[in-house]
Amino acid sequence: MSEFDSLSIQSASQLASDYELKRSMLSDRNAIRLRRALSWLEKGEALLEQEDFDGAFIFFWISFNSMYSIKPALNNPPTDTSQYMDFFRNLLKYDSENTIYNALWTVFPGAIRTLVQNKYVFSLFWEFQTTGRDTDWEIQLKRSGVKALAALGSKRQNKTLELLEIVFDRLYTLRNQLIHGSATYQGSINRDQVKDGANILGYLVPGFVAIVLEQSDHDWGEVIYPAIARQVQAE
């Protein structure tokens with residue numbers, strides 16, 4: 001049994017049922033975004049149940065990516081970070097149930113404290129290891145850790161975006177390690193951050209889906225790689 005079992009969030013199957021009920025009210029772009037996210041979320045949940053934290057993290061991240069990715073402007077393509085930060089700003093406007101706040105301050109404060117102080121999921125640490133260039137990574141790690149811990153200690157909702165930014169900075173580094181094959185599948189090194197990352201995403205991503213589904217009138221942006229029906233040539 002995983003930690004996921006004790007978390008009071010909607011499952012992928014519950015969200016899929018809600019999706020089917022609201023499908024006719026969704027724009028095509030919102031419908032495809034949600035359908036894609038739900039498909040990956042369901043697999044992530046199954047892997048988390050099996051305590052396959054590497055696999056669960058990857059599938060949860062893909063589900064998350066399905067939600068925040070938008071078609072880039074040709075002259076100014078956004079970074080992943082800028083896209084998901086814009087997504088967070090929109091989510092927080094509509095999070096009437098305080099799902100995101102509760103995840104950060106009530107469900108995972110301990111895991112977050114550990115994560116934000118862990119140099120192995122801090123990008124500047126790895127930049128220093130790779131290039132040897134002085135990045136002041138120790139100072140930067142301490143500063144961002146202090147900032148995150150202060151936000152947690154304050155329990156103020158207006159700090160939610162700030163804390164999300166720091167947490168997802170660490171999760172994005174972990175995402176890069178896994179997606180780019182820079183970690184051994186189910187290896188013995190650095191297991192805690194993979195497990196914590198999978199559980200954090202396993203709570204937050206269904207919450208993100210629920211907010212987008214609830215706010216079906218909001219334009220969440222044009223999806224990247226839209227579904228294109230195959231054309232059949234007449235003989």
Side-chain angles (χ1 to χ4, degrees), residues 4 7-49 55-103 160-161 164 168 171-172 175 178-179 197-234:
F4 182 75
L7 303 181
S8 57
I9 56 174
Q10 287 181 280
S11 67
S13 61
Q14 292 170 320
L15 289 166
S17 296
D18 291 344
Y19 168 82
E20 291 300 329
L21 289 173
K22 295 186 176 183
R23 174 64 185 87
S24 62
M25 297 181 287
L26 298 172
S27 66
D28 287 344
R29 62 175 60 175
N30 282 354
I32 193 170
R33 172 174 280 109
L34 285 161
R35 185 167 68 249
R36 288 171 175 175
L38 285 165
S39 69
W40 297 104
L41 179 61
E42 183 177 11
K43 181 62 175 178
E45 285 184 4
L47 292 174
L48 193 59
E49 176 67 28
F57 183 96
I58 290 169
F59 278 86
F60 286 142
W61 191 279
I62 296 173
S63 180
F64 171 51
N65 219 138
S66 299
M67 302 299 292
Y68 74 74
S69 291
I70 60 173
K71 183 178 179 180
L74 293 177
N75 59 342
N76 187 27
T79 63
D80 268 343
T81 302
S82 65
Q83 284 198 54
Y84 68 62
M85 287 304 297
D86 285 342
F87 179 61
F88 290 154
R89 289 184 186 94
N90 280 316
L91 285 174
L92 291 173
K93 293 177 187 176
Y94 301 116
D95 187 12
S96 59
E97 300 296 322
N98 293 325
T99 301
I100 299 170
Y101 175 87
N102 289 334
T160 306
L161 184 64
L164 275 173
F168 274 80
L171 293 179
Y172 190 72
R175 171 259 188 210
L178 294 173
I179 293 294
N199 278 298
I200 290 169
L201 288 179
Y203 187 97
L204 282 173
V205 176
F208 297 164
V209 172
I211 294 169
V212 173
L213 184 57
E214 180 66 26
Q215 299 298 323
S216 57
D217 293 335
H218 180 75
D219 184 1
W220 295 92
E222 187 174 353
V223 294
I224 191 168
Y225 302 114
I228 299 174
R230 184 175 61 182
Q231 294 181 345
V232 179
Q233 285 186 326

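Values reported hereafter were calculated over all heavy atoms of this structure, with side chains retained and with hydrogens, waters and symmetry mates removed.
Legend: residues meeting side chain to side chain donor-acceptor pair (under 3.5 Å) with Arg29, ordered by chain and number and at least two apart, are Asp219. Checked against salt bridge (Lys or Arg N to Asp or Glu O under 4.0 Å), Glu42 has no partners two or more places apart in sequence or in another chain. Residues satisfying the salt bridge (Lys or Arg N to Asp or Glu O under 4.0 Å) test with Glu214, not counting sequence neighbours, are Lys22. With sequence neighbours excluded, the residues satisfying ring-ring contact (aromatic ring centres under 6.0 Å, His included) with Trp40 are Phe59. Checked against side chain to side chain donor-acceptor pair (under 3.5 Å), Ser24 has no partners two or more places apart in sequence or in another chain.
For residues 9-33, the set of pairs meeting the ring-ring contact (aromatic ring centres under 6.0 Å, His included) definition, not counting sequence neighbours, is empty.
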Worked check of side-chain contact (heavy atoms from CB on, under 4.5 Å) between Ile70 and Arg33: CA-CA 10 Å; Ile70 60 173; Arg33 172 174 280 109; 3.8 Å; yes
side-chain contact (heavy atoms from CB on, under 4.5 Å) between Asp95 and Thr160, intermediate numbers included: CA-CA 11 Å; Asp95 187 12; Thr160 306; over 6 Å; no
Intermediate values then yes/no, side-chain hydrogen bond (donor to acceptor under 3.5 Å, both in side chains), Ser13 and Ser11: CA-CA 5 Å; Ser13 61; Ser11 67; 3.0 Å; yes
Residues Phe60, Leu47; criterion side-chain contact (heavy atoms from CB on, under 4.5 Å); working and verdict: CA-CA 10 Å; Phe60 286 142; Leu47 292 174; over 6 Å; no
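In this structure, Arg36 contributes its side chain and Asn65 its backbone to no donor-acceptor pair below 3.5 Å. Side chain of Gln10 to main chain of Ala210: no donor-acceptor pair is present (N/O by atom type, distance under 3.5 Å, no hydrogens or angles). Checked by atom type and distance alone, the side chain of Trp220 never pairs as donor or acceptor with a backbone atom of Asn90 at under 3.5 Å.
Of all heavy-atom pairs between Ser69 and Ile224, the closest is CB-CG2, 3.9 Å. Residues Leu48 and Ala198 share a closest heavy-atom pair of CD1-CB, 4.0 Å. Taking each heavy atom of Asn30 and Ser216 in turn, the nearest pair found is ND2-O, 3.2 Å. Of all the heavy atoms in Ala103 and Leu204, the pair that sits closest is CB-CD2, 3.6 Å.
Taken to the nearest 0.5 Å, the CG atom of Leu161 stands 10.5 Å off from the CG atom of Leu91. To the nearest 0.5 Å, the span separating CD on Glu20 from CZ on Arg35 amounts to 9.0 Å. One finds the CG atom of Leu41 at 9.5 Å from the CE atom of Met67 (value rounded to the nearest 0.5 Å). Here the straight-line distance linking atom CD1 of Ile58 with atom CD1 of Ile179 works out to 4.5 Å at 0.5 Å rounding. In this structure, Arg23 CZ and Leu213 CG are separated by 11.5 Å, a value rounded to the nearest 0.5 Å. The distance from the OG1 atom of Thr81 to the OH atom of Tyr68 is 7.5 Å, given to the nearest 0.5 Å.
Side chains of Thr99 and Tyr203 form a contact here, defined as non-hydrogen atoms less than 4.5 Å apart. Inter-residue side-chain proximity for Arg175 and Asp80 is flagged as met; some heavy-atom pair is nearer than 4.5 Å. Taking 4.5 Å as the limit, every side-chain heavy atom of Ile32 sits out of range of all side-chain heavy atoms of Pro226.
For Phe88 and Phe208, the gap between ring centers is short of 6.0 Å.
Using a 30° and 60° split on the angle between ring planes, Phe87 and Phe64 fall in the tilted class, from 30° to 60°. The aromatic rings of Trp61 and Phe168 lie tilted to each other, with the angle between the two planes from 30° to 60°.
By the neighbour-count criterion of 12 heavy atoms within 6.0 Å, atom CD of Glu97 is sparsely surrounded, having that number or fewer from other residues, nucleotides or ligands.
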